[in-house]
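Below is one structure, written out as C-alpha cells, with a few remarks after it.
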Protein chains: 2
Amino acid sequence: MARKRQRITLEDVAREAGVSPMTVSRVINNTGRISQATREHVREVIARLDYRPSRIARSLVTNETHMIGLVVPDIASPYFAEIVQGAEEIAWEKGYSILLANTSENPQRELAVLPQIEETKVDGLIWCSSRLPEETLLALLEKHASAVVVNRQAPPHLASVVRSRHGLGYRARRAAAFLIQTGRRRIGYLQLYRSAAAAPIEDFMAELARWGVEINRAWYIPCAPLWQSGYEHTQQLIARHPELDAIIGGNDLVALGAMRAVLEAGRRVPDDIAIIGGDDIFLAGQVTPALTTFHVPKHEIGVMAARLLFKRLEGDTTYHEHLFDERLIVRESAPLPPGVTLDL
Amino acid sequence: MARKRQRITLEDVAREAGVSPMTVSRVINNTGRISQATREHVREVIARLDYRPSRIARSLVTNETHMIGLVVPDIASPYFAEIVQGAEEIAWEKGYSILLANTSENPQRELAVLPQIEETKVDGLIWCSSRLPEETLLALLEKHASAVVVNRQAPPHLASVVRSRHGLGYRARRAAAFLIQTGRRRIGYLQLYRSAAAAPIEDFMAELARWGVEINRAWYIPCAPLWQSGYEHTQQLIARHPELDAIIGGNDLVALGAMRAVLEAGRRVPDDIAIIGGDDIFLAGQVTPALTTFHVPKHEIGVMAARLLFKRLEGDTTYHEHLFDERLIVRESAPLPPGVTLDL
DNA sequence: ACAGTTAAAGTTAGCGCTAACAGTACAGGG
DNA sequence: CCCTGTACTGTTAGCGCTAACTTTAACTGT
C-alpha cells in the first residue's frame with residue numbers, strides 16, 4: 001500500500017524548532033547570519049524530523065533546478081554510454097542531477113525531446129552528436145542559455161563545444177594514409193551518415209588522390225552507426241566488389257560488423273582485407289583479430305562537456321572549445337608490416 | 001551572452017488571450033469544459049507566444065514531477081546501458097523523464113544518491129542491482145511510495161521486482177552442469193561479489209558435488225563485475241592452478257577478461273580451458289572464440305521494470321514480479337562436442 | 001414568466017520555498 | 001540618554017501553476 005506520506009515541510013521544522021521559516025531556510029542554505037546556538041538547534045530538529053527540502057519549491061523561486069539535460073542518440077552504444085558516465089560523474093560532484101534523453105538516432109525524436117527538457121527548465125544542456133540539420137540545431141540552441149555541444153560545431157555565443165577530430169574528416173583521411181602505406185590499394189569506406197557537419201566524402205577522396213591510388217565511388221557507402229548496418233553493408237560490398245583489400249568503418253561497431261561479414265565470407269582479416277575502426281570502444285582490443293582503430297577519450301569527453309557547461313553556469317559566458325586528439329591504435333586487423341615506416 | 005530571457009507564463013497567455021489563467025490551464029490540461037472557440041483561440045495564443053508550461057510550478061501543486069529516478073551501478077557497462085535504454089523508451093512513451101544516477105558500483109554512493117532523488121521528488125524509482133545490504137535497501141525502499149527493484153528481492157508491499165534467474169544461483173549451477181557434461185572436471189569460478197541476496201558459493205559447490213567432480217575452494221574467487229578484474233584474477237588463478245580446464249565468469253565482461261588472460265598465457269580456448277560468461281552482452285558473439293554465455297534480455301528487463309513502475313503509479317499497488325529466463329547460448333568458448341547429449 | 005439545469009467561464013487560496021526588506025536587541029561612542 | 005552600528009531573526013510577498021469553489025449566461029420545460 002503506497003502510503004501517501006505527508007511530506008515534512010520547512011514550516012514543520014520551523015514550528016518544531018520555535019523559529020521562523022526563514023531562519024530554517026538560512027540554516028539549510030548557509031546564508032545570512034545565524035547564531036551558532038540556533039544553527040545547531042535547527043540542524044538537530046531537521047535531523048530528528050528527517051526533513052528534506054523540496055527542490056521543486058526551491059526551484060520555483062530561485063529559477064534553478066540543479067539538473068542538467070543530457071541528450072544522446074543511443075545510450076546503449078558503448079561510445080555514448082562512456083560519455084554519459086563522464087558527464088554524470090562531474091554533475092554528481094557539483095550536486096547536479098542528470099536528466100537523460102535517448103533519441104534513438106532519430107532526429108524527429110530529438111526535436112520532440114526538447115520541449116520536454118524545456119518544460120523541466122534544466123539549468124544547462126549537453127547535446128551529443130545531434131543528427132539534426134545545422135539550422136534546426138542552431139534555432140534550438142538559441143533558446144537555451146547554457147549548452148554544450150558534443151561532436152558538432154556551434155556559434156560561440158550559443159554553446160561551447162567538445163569534439164574529437166573525427167568531424168573534420170581527420171579520421172578517414174588518416175586511416176586511408178595508413179592503409180595505403182601498409183600496401184592496400186582498393187579501400188572501401190562505410191561512412192556514417194550524419195548531419196551537414198560531417199566531413200564530406202570529397203575530403204576522403206582527396207586524400208586517396210594525394211596518394212595516387214584508385215578511387216571508386218561505389219566503394220564508399222553510407223551506413224548507420226550500428227553493428228548490424230556495418231555487417232549488412234559489408235556483405236553486399238564485398239560480394240559486389242571482391243577487389244577490395246581494406247575497409248574503413250565509421251566507428252568500431254560498424255567495423256566489427258564488417259569484420260564479421262568478411263570472416264563469414266571466408267576472407268581473412270587482415271591478410272585479404274584489412275579493417276580499421278573508429279572510436280576504440282572497450283572491446284575493440286579484445287576481439288580476434290584485435291581491431292585497429294582510433295582511440296577517442298570518451299569518458300574525458302563527457303567530463304569535459306560537463307566542465308564547460310558548469311563554467312557557463314557559473315557565469316563564464318566566453319566560448320570554450322575543447323578538441324581531443326585521436327591516436328591511431330595499431331592492432332591486428334590492420335597491422336603495420338615489419339620494415340614499413342610511416343609518413344603521417 | 002546567456003540572455004536570461006523572461007519566461008512566458010500562463011498569466012501572459014491569459015492576458016494576451018483575454019481570458020482567465022484558469023481557462024488557459026484547462027486548455028493545456030484538457031480538463032473541465034471549454035467552448036471550442038475559446039479552446040482554439042487560447043491554443044493559437046499559446047503557439048504564437050511559444051509558451052511552455054513550467055513543470056516545476058505544476059509539480060508544486062499537483063505533487064507529481066513526471067520524472068522517474070533510475071539508479072544503476074555502472075552506466076558504461078553494456079549490461080546496464082541496455083536496461084536504461086529499455087526503461088527510457090517506456091518512460092518517454094508515457095511522457096516521463098529519466099533522472100539518472102550512476103553509483104559507480106559504490107554502496108556509499110548509492111546511499112548518498114538517494115537524498116538527492118528524494119529532494120527531487122521523483123514519482124517513482126527503478127533501482128538496478130543494488131549493492132547495498134538487505135536491511136539498508138529495505139529501509140530506503142520504505143520511504144518511496146513507488147519503486148521497482150531489478151535483480152534483487154523485495155517485500156511485496158515495498159516494491160515490484162524484475163529479475164532474471166541469475167540471482168538464484170541458477171546460472172553458475174547450469175554452467176557447471178554443462179561444463180561437466182562436456183568433459184570438464186576442474187572448474188574455476190569468478191563469482192561476482194554482491195549483496196547477501198546473491199547465491200552463496202555453497203549452491204555452486206552443491207551442484208559440483210551432485211556430479212561428483214572435484215571441489216576446491218581455491219578455484220572460486222570473488223571478482224568485481226569488470227573486464228579488468230576478470231583479467232587479473234584469471235592471470236593469478238591459472239598461474240596458481242594450471243590444472244583448471246574450465247572457468248565460469250560471473251558476467252560476460254569478466255569472462256572476456258578471463259579469456260584474454262588465458263590466451264595471453266599461451267593456453268587455448270576452449271581446447272585447454274573452456275569459458276562460460278553470464279549475460280550475453282552485445283559483442284559476446286563477435287569475439288573469437290565466440291563466448292558461450294547465458295542470454296539475458298536486458299532491454300526487456302528495462303522495459304518491464306518501467307512497465308511495472310507505471311502500473312504502481314497508476315494505482316495498481318499489488319505486487320508484481322517478473323522473472324526472465326536465461327537461455328544458455330552455446331558458442332565456441334565452451335562448445336558442445338559432437339555426440340554429447342545434455343541432461344540439464 | 002420563472003425556478004431549475006447546465007455549460008462556460010472566473011475567483012480565491014495555497015503548494016513549499018526564498019528575496020528583500022523590516023524589525024529587535026544590545027554594544028559602545030558621544 | 002540618544003544615536004549609530006552590528007548581529008541576529010522575523011515579516012511580507014510572490015515564484016507559476018491548479019483544486020475547489022463561485023459566478024455568469026444561456027437554455028429548459030411547464
Side-chain angles (χ1 to χ4, degrees), chain A residues 4-43 45-46 49-67 95 115-116 118-123, chain B residues 4-43 45-46 49-67 95 115-116 118-123:
Chain A
K4 202 75 199 172
R5 307 188 318 114
Q6 197 45 58
R7 172 177 270 269
I8 291 155
T9 72
L10 183 139
E11 218 145 344
D12 298 331
V13 175
R15 202 177 314 109
E16 178 75 16
V19 298
S20 77
M22 203 54 225
T23 301
V24 179
S25 171
R26 283 193 264 254
V27 169
I28 291 166
N29 298 300
N30 265 315
T31 55
R33 322 189 64 101
I34 299 282
S35 74
Q36 196 54 32
T38 309
R39 183 187 312 279
E40 271 161 22
H41 176 222
V42 169
R43 288 230 172 99
V45 174
I46 287 175
L49 299 188
D50 194 28
Y51 165 69
R52 301 256 185 285
S54 157
R55 274 208 211 187
I56 303 283
R58 179 182 295 163
S59 294
L60 191 58
V61 38
T62 61
N63 227 18
E64 289 177 1
T65 52
H66 278 227
M67 295 196 278
Q116 205 188 35
E118 262 179 71
E119 290 175 15
T120 314
K121 293 227 261 173
V122 296
D123 294 341
Chain B
K4 203 74 200 172
R5 306 186 320 112
Q6 195 46 56
R7 171 178 270 270
I8 290 155
T9 72
L10 184 140
E11 217 145 345
D12 298 330
V13 176
R15 203 177 313 110
E16 178 75 15
V19 298
S20 78
M22 204 52 225
T23 301
V24 179
S25 172
R26 282 194 263 253
V27 170
I28 291 166
N29 297 300
N30 267 315
T31 55
R33 323 189 64 100
I34 299 282
S35 74
Q36 195 54 30
T38 310
R39 184 188 312 278
E40 272 161 23
H41 175 224
V42 170
R43 286 229 174 98
V45 173
I46 287 175
L49 300 187
D50 193 29
Y51 165 69
R52 300 255 185 289
S54 157
R55 274 208 211 189
I56 303 284
R58 178 182 296 163
S59 295
L60 191 57
V61 38
T62 61
N63 226 19
E64 288 177 2
T65 51
H66 278 228
M67 294 196 278
Q116 205 187 35
E118 261 178 73
E119 289 175 15
T120 314
K121 294 225 259 173
V122 295
D123 293 341

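None of these values were measured; they are calculated from a predicted model. Only heavy atoms go into these numbers, but all of them, side chains included; no hydrogens, no water, no symmetry mates.
For D:dC15, neither phosphate oxygen OP1 nor OP2 lies less than 4.0 angstrom from any side-chain nitrogen or oxygen of A:N63. In this model, the phosphate group of D:dG10 is approached by a side-chain N or O of A:S20 to a distance below 4.0 Å at OP1 or OP2. A close approach under 4.0 Å does occur between a side-chain nitrogen or oxygen of A:Y51 and OP1 or OP2 of C:dC17.
Near DNA chain D, meaning a heavy atom under 4.0 Å from it, residues 11-18 of chain A has no residue at all. If you check residues 34-41 of chain B against DNA chain C, the residues with a heavy atom closer than 4.0 Å are B:I34, B:S35, B:T38, listed by number.
Between A:A14 and A:V24 the shortest heavy-atom distance is CA-CG2, 3.7 Å. Minimum interatomic distance between B:V13 and B:I46 (heavy atoms only, all atoms of both residues): CG1-CG1, 3.8 Å. When all heavy atoms of A:N63 and A:K121 are compared, the pair lying nearest together is OD1-NZ, 2.7 Å. The two residues A:M67 and A:T120 make their nearest non-hydrogen contact at CE-CG2, 3.6 Å.
Taking B:L60 as the reference, A:I56, A:A57, A:L60 meet the side-chain contact (heavy atoms from CB on, under 4.5 Å) condition, with sequence neighbours excluded. Residues meeting the side-chain hydrogen bond (donor to acceptor under 3.5 Å, both in side chains) test with A:E11, sequence neighbours left out: none. With sequence neighbours left out, the side-chain contact (heavy atoms from CB on, under 4.5 Å) criterion links A:P53 to A:I28, A:Y51, A:R58, B:E119. Remark: A:R55 engages no residue in a salt bridge (charged side-chain N to carboxylate O under 4.0 Å, His left out) (not counting sequence neighbours). Evaluation of the side-chain hydrogen bond (donor to acceptor under 3.5 Å, both in side chains) rule for A:S54 yields no partner, not counting sequence neighbours. Applying the side-chain contact (heavy atoms from CB on, under 4.5 Å) criterion to A:T38, with sequence neighbours excluded, gives A:V19, A:T23, A:I34, A:S35, A:V42. Residues passing the side-chain contact (heavy atoms from CB on, under 4.5 Å) test with B:R43, sequence neighbours excluded: B:V27, B:N30, B:R39.
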Pull out every protein N or O sitting under 3.5 Å from an N or O of nucleotides 19-26 of chain D, one pair per line with the distance.
none

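Rounded to an integer number of Å, the gap from B:I8 CD1 to D:dG16 P is 12 Å. B:E64 places its CD atom 17 Å from the P atom of D:dC17, with the value rounded to the nearest Å. Note: CD1 (A:I28) to P (C:dA19) measures 12 Å, nearest angstrom. Rounded to whole angstrom, the span from the CG atom of B:L60 across to the C1' atom of D:dC17 amounts to 8 Å. Summarising the geometry, the separation between CZ on B:R55 and P on D:dT18 is reported as 13 Å, rounded to the nearest angstrom. Rounded to an integer number of Å, the gap from A:L10 CG to C:dA19 P is 12 Å. Atoms CD1 (A:I56) and C1' (C:dC17) sit 11 Å apart, rounded to a whole Å.
Listed nucleotides: D:dA7, C:dT18, C:dG16. Nearest to the side chain of A:N29: C:dT18. Distances from the side chain of B:T9 to the nucleotides D:dC17, D:dG10, C:dG16 place D:dC17 closest.
For residues 12-28 of chain B, the pairs satisfying salt bridge (charged side-chain N to carboxylate O under 4.0 Å, His left out) are B:D12-B:R15, B:E16-B:R48, with sequence neighbours left out.
Remark on the helix from C:dA1-D:dT30 to C:dG30-D:dC1: inter-end axis angle 60°, axes from five-pair C1' superpositions, rounded to 10°.
Residue A:P53 is classed as a sugar-phosphate contact, given heavy-atom separations below 4.0 Å to backbone atoms only. The residue B:R58 sits close only to the backbone: its heavy atoms come under 4.0 Å of sugar-phosphate atoms, none of a base.
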